[in-house]
Number of protein chains: 2
Amino acid sequence: MELVAESIDIGTRAPTVLLNEADAAELGVHALERIQLRRDGKTTIGIVELTDELIPEGTLGVTRRLGHIDGTVTVSVAPQPNSVYYIRKKLDDIELERRELECIVRDIYEERLADIELGAYVSAMYTNGLSMEETMHLTSCMANIGETISWDDEIIADKHSIGGVAGNRITPILVPIVAAAGVKIPKTSSRAVTSASGTADTMEVLCDVEFSIGEIREIVETTGGCLVWGGAVNLSPVDDQIIRAETPLSLDPVGQLIASVLSKKKSAGSTHIVIDIPYGEGAKVESLAEARELAEDFNRVSDHLEMTTECAITNGSAPVGTAIGPVFEAREVLATLDGDGPNDLRLKAIRLADLLFESVGVDADAEELLDSGAADATFREILAAQNGDPGVEIADLSPGRHTQPVHADRDGVVTHINNRLVNEVARRAGAPKDHGAGLKLHRGVGETTTTDELLATVHAESTDKLADAVALLERVEMIRVRHPDEALVERI
Amino acid sequence: MELVAESIDIGTRAPTVLLNEADAAELGVHALERIQLRRDGKTTIGIVELTDELIPEGTLGVTRRLGHIDGTVTVSVAPQPNSVYYIRKKLDDIELERRELECIVRDIYEERLADIELGAYVSAMYTNGLSMEETMHLTSCMANIGETISWDDEIIADKHSIGGVAGNRITPILVPIVAAAGVKIPKTSSRAVTSASGTADTMEVLCDVEFSIGEIREIVETTGGCLVWGGAVNLSPVDDQIIRAETPLSLDPVGQLIASVLSKKKSAGSTHIVIDIPYGEGAKVESLAEARELAEDFNRVSDHLEMTTECAITNGSAPVGTAIGPVFEAREVLATLDGDGPNDLRLKAIRLADLLFESVGVDADAEELLDSGAADATFREILAAQNGDPGVEIADLSPGRHTQPVHADRDGVVTHINNRLVNEVARRAGAPKDHGAGLKLHRGVGETTTTDELLATVHAESTDKLADAVALLERVEMIRVRHPDEALVERI
């Protein structure tokens, strides 16, 4: 059937096309089915929604998501994507072969899968897990799709944290330290999956994070590093689709995590990577044994892709730093680069940077680069190169104006701050999408407190979201305070 | 925030609302997030899509799916539904408690879940399975939501097949047999999940299938039975949402299946039920042991709900009858009621009806009711009561006009007809949504054939869908023909 395509101003998530019901009946398609649009030898898949009046017969309404299509298009019923069979196979807990994973990755890339199917994919990977073979295949399939960057330099450094620890904004401190030593570090970061803020969300408070590959190259040639969002460039583009599906359910299966991280590093042309694996109560990885296993898997998959990876197993049982949420974390990054941040954040950034220097074989001292102001200067050069204000000060950044204090309910010592709950409270308060939403921690683990003393303050940009965060806070113990005499964590 | 709601003519699957980007920014919501609309004390959840021009600032575009809402509404960010945590818990393979299942069922009913989350729900239930406790709880939660029918009669008969066998259109033959014996049988059926046609799809060829509870009561009081679509009435409405999510992936987890069937029966006021459990190669249940286990589970859950269930374990290794797809099956039903259908279909309907007579303690003979024309007369009364043509003849029903013959590739005997592939070919050809799509089988299992003899004909209403079916046929062996001397099914 031939229809005349016409742009329609609706921003949908799916590649939606609007069909008049009469045309749909003739074509034999129903709402949510897929159709193929062919024009000038190019085929696009659209997902059908129906209308009586908005689109006249003979016309096809093309929403923004599909890009610009106009003129006459040949429309036909699209076949069901093969990857649906492979997703079902994985739900049956049968190992997938390389070509099957390739097909799934390709179909996700080309947006052939409906949300129900994407939900099933992340569920299958989460609940049945990926084998080492599957992880290796998935990683290289994901790296092979989309653009890649190649560099003239022999050494391209990179860094990643598997996340799960609230605060922990190491990257914006480490990148300028490394760049200041003359080692190129073109860092692309994700947005938050299950945490309150990803590096890209935090950096967005200070500067732009969406750049083309050409622009990234220019920023890195000028400053030695960059702090951009990986999703804006077409490096491992499938990853962002998968993250979108994982987010509502807070799923983050191990094999998928490795594939996400290493496919991006491979596409970005990285040669030496340090990976931060925090472990402990409330972190993504609970035990040291698990952390070691994950580190070995990272090393094995990156060997397979011919990259050098150093894994740093770190303490992840409590937040690092005192700030959670994009604006709060940006403030703490500025403070640390200025010599004034929390000690745990500062020391961790220094230690990871030194590990990277050791791995690439460069004689540099991270502490010196930080204390001399060299890292701060480089950071502000990066800000300027990324269209931010290089003179930005902490006072310029305002947290959300709706607040809720969290008080101690007894005298005692802070024995635990639950990362998952801290992240969840901050997310309910609106983070990371609302930049000003988040938490400021006023007491750390091991510090003493008295009844009614302020332990933390939750900030939000809207009263609804603040109420949502408060509703959670009332049900759970985000910050655990115990009398020093109480030996038990809990009694069951 | 207060916005003026305005209907917009788009038929979406999700309860979509269109927001101007400026309003969305002020509200702090993004595409695909949920907002609450409050008006006259009533709260509705909408899923956000954004527009620049289609909807002016201060206005809220309400799509058809949300029903009629206009005037000023109070709009706020909706909290994340709690059931998301329970879905994740089930993905972690932890048994759900009654209140957690209740919460999931309630959120599905109120359409609080996005498609990604619904996809994860059916995936979790499929891959990790449901315990007997979970199945009982889920069944009664599903039965408790929506409307119920109560009858003055002490005995209300019902019938169900777990499906998976192509053809097998027993219900439209059994219902008029039972009704003709004076036993009330208000049959509600599903549409197809993984098969080429459900009873509701087949009946829709002959008459209306969507009626209110008041209308169903009237049809049953007049004719003794009905053959309607369960999804049109609000009996266990959650089931249809779940089926919609299962369909694209052809998932149908056992516990969910039992809950689907029995929650509908309970809501419909049924007291005595016969359940057809076909088993064998290519059926939903592969082994006799599995079929027995399922039968016991059905009995246990229906005891819990105070209903009497008889399970009939039947041969499900090949299609029953010769017709697959709505139009084809409707033709075969008419033929069988007229004394002229395939023998296997006729005998199975008779046997299941007799089992039901035995269970309710009524002295009636199914074969006699069929051969005397009493069942046919009752069927046509039901057609008339459901706005169909009581004088309909087989010649009035036309299969899809685009056809593809399937020929034998050798001399031999038909040793197997694969139900799953028959259903899949018919579905690719457009069944059940395209009524005329499907297959006619010309040879049954055990019959001899010669090279190039016609084994089956595939019909479709569109050439695209026919091509899609043919592509599958070329890859698989839907009908297995072997020389009588060949002892092996396959050599590996």
Side-chain angles (χ1 to χ4, degrees), chain A residues 8-13 16 18 21 27-33 36 49-54 63 76-80 84 87-88 90-93 114-124 126-128 244-245 247-251 427-428 430 433-434 437 461-462 464-465 467-468 471, chain B residues 8-13 16 18 21 27-33 36 49-54 76-80 84-85 87-88 90-93 114-124 126-128 244-245 247-251 428 430 433-434 437 460-462 464-465 467-468 471:
Chain A
I8 178 158
D9 166 53
I10 304 181
T12 55
R13 215 293 311 169
T16 303
L18 281 167
E21 293 192 352
L27 204 57
V29 294
H30 308 79
L32 276 200
E33 290 191 332
Q36 284 185 155
E49 301 278 14
L50 303 177
T51 175
D52 264 340
E53 293 161 21
L54 205 67
T63 62
S76 58
V77 178
Q80 191 177 36
V84 169
I87 292 171
R88 196 192 141 113
K90 188 67 201 174
L91 280 172
D92 284 329
D93 204 7
D115 276 2
I116 292 237
E117 294 151 355
L118 212 51
Y121 169 73
V122 295
S123 300
Y126 175 76
T127 195
N128 292 327
R244 190 185 62 81
T247 305
L249 291 144
S250 294
L251 299 180
R427 287 179 73 91
R428 287 202 173 205
K433 286 185 176 172
D434 299 344
E461 291 182 0
S462 82
D464 286 336
K465 292 187 183 179
D468 203 11
Chain B
I8 179 158
D9 167 52
I10 304 181
T12 54
R13 215 293 312 169
T16 303
L18 282 166
E21 292 190 352
L27 204 56
V29 294
H30 308 79
L32 275 200
E33 290 190 333
Q36 285 186 153
E49 300 279 14
L50 303 177
T51 176
D52 263 340
E53 293 163 20
L54 205 67
S76 58
V77 179
Q80 191 178 37
V84 168
Y85 301 100
I87 293 171
R88 195 191 143 115
K90 188 69 201 173
L91 281 172
D92 284 330
D93 204 8
D115 275 3
I116 293 237
E117 294 151 355
L118 211 52
Y121 169 72
V122 296
S123 299
Y126 174 76
T127 197
N128 292 328
R244 188 185 64 81
T247 305
L249 291 145
S250 294
L251 300 179
R428 288 203 172 205
K433 285 185 178 173
D434 300 345
E461 291 182 1
S462 82
D464 284 336
K465 292 188 182 177
D468 203 11

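Small disclaimer: the values here were computed from a predicted structure and weren't measured. Just so we're on the same page: letters track the sequence lines, and every chain starts at 1.
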Nearest heavy atoms of Leu249(A) and Ile87(B), plus distance in Å:
CD2-CG2, 3.9 Å
Honestly, the part of Tyr121(B) sitting under 4.5 Å from a heavy atom of chain A is neither
Winner by heavy-atom pair count (cut-off under 4.5 Å) against chain A, out of Asp93(B), Val84(B), Ile8(B):
Val84(B)
Under 4.5 Å from a heavy atom of chain B, the part of Leu54(A) involved:
both
Per-residue contact mode, Gln36(A) against chain B (heavy atom under 4.5 angstrom):
neither
To the nearest 0.5 Å, how far apart are CG in Asp92(B) and OG1 in Thr127(A)?
7.0 Å
Interface residue of largest heavy-atom contact number with chain A, from Gly430(B), Ala78(B), Ala245(B), Ala437(B), under 4.5 Å:
Ala245(B)
Expected output: side-chain Ser123(A) to main-chain Ala124(B) donor-acceptor under 3.5 Å
no
Chain A contacts, top residue of Ser76(B), Ala467(B), Ser462(B) (heavy-atom pairs, under 4.5 Å):
Ser76(B)
Counting heavy-atom pairs under 4.5 Å to chain B, which of Lys433(A), Glu117(A), Glu461(A), Lys465(A) comes out on top?
Lys433(A)
Less than 4.5 Å apart, any side-chain heavy atom of Leu251(A) and any of Leu91(B)?
yes
Most chain A-contacting option - heavy-atom pairs closer than 4.5 Å, from Thr51(B), Asp434(B), Leu18(B):
Thr51(B)
Any chance you could measure Glu49(B), atom CD, to Thr16(A), atom OG1, to the nearest 0.5 Å?
6.5 Å
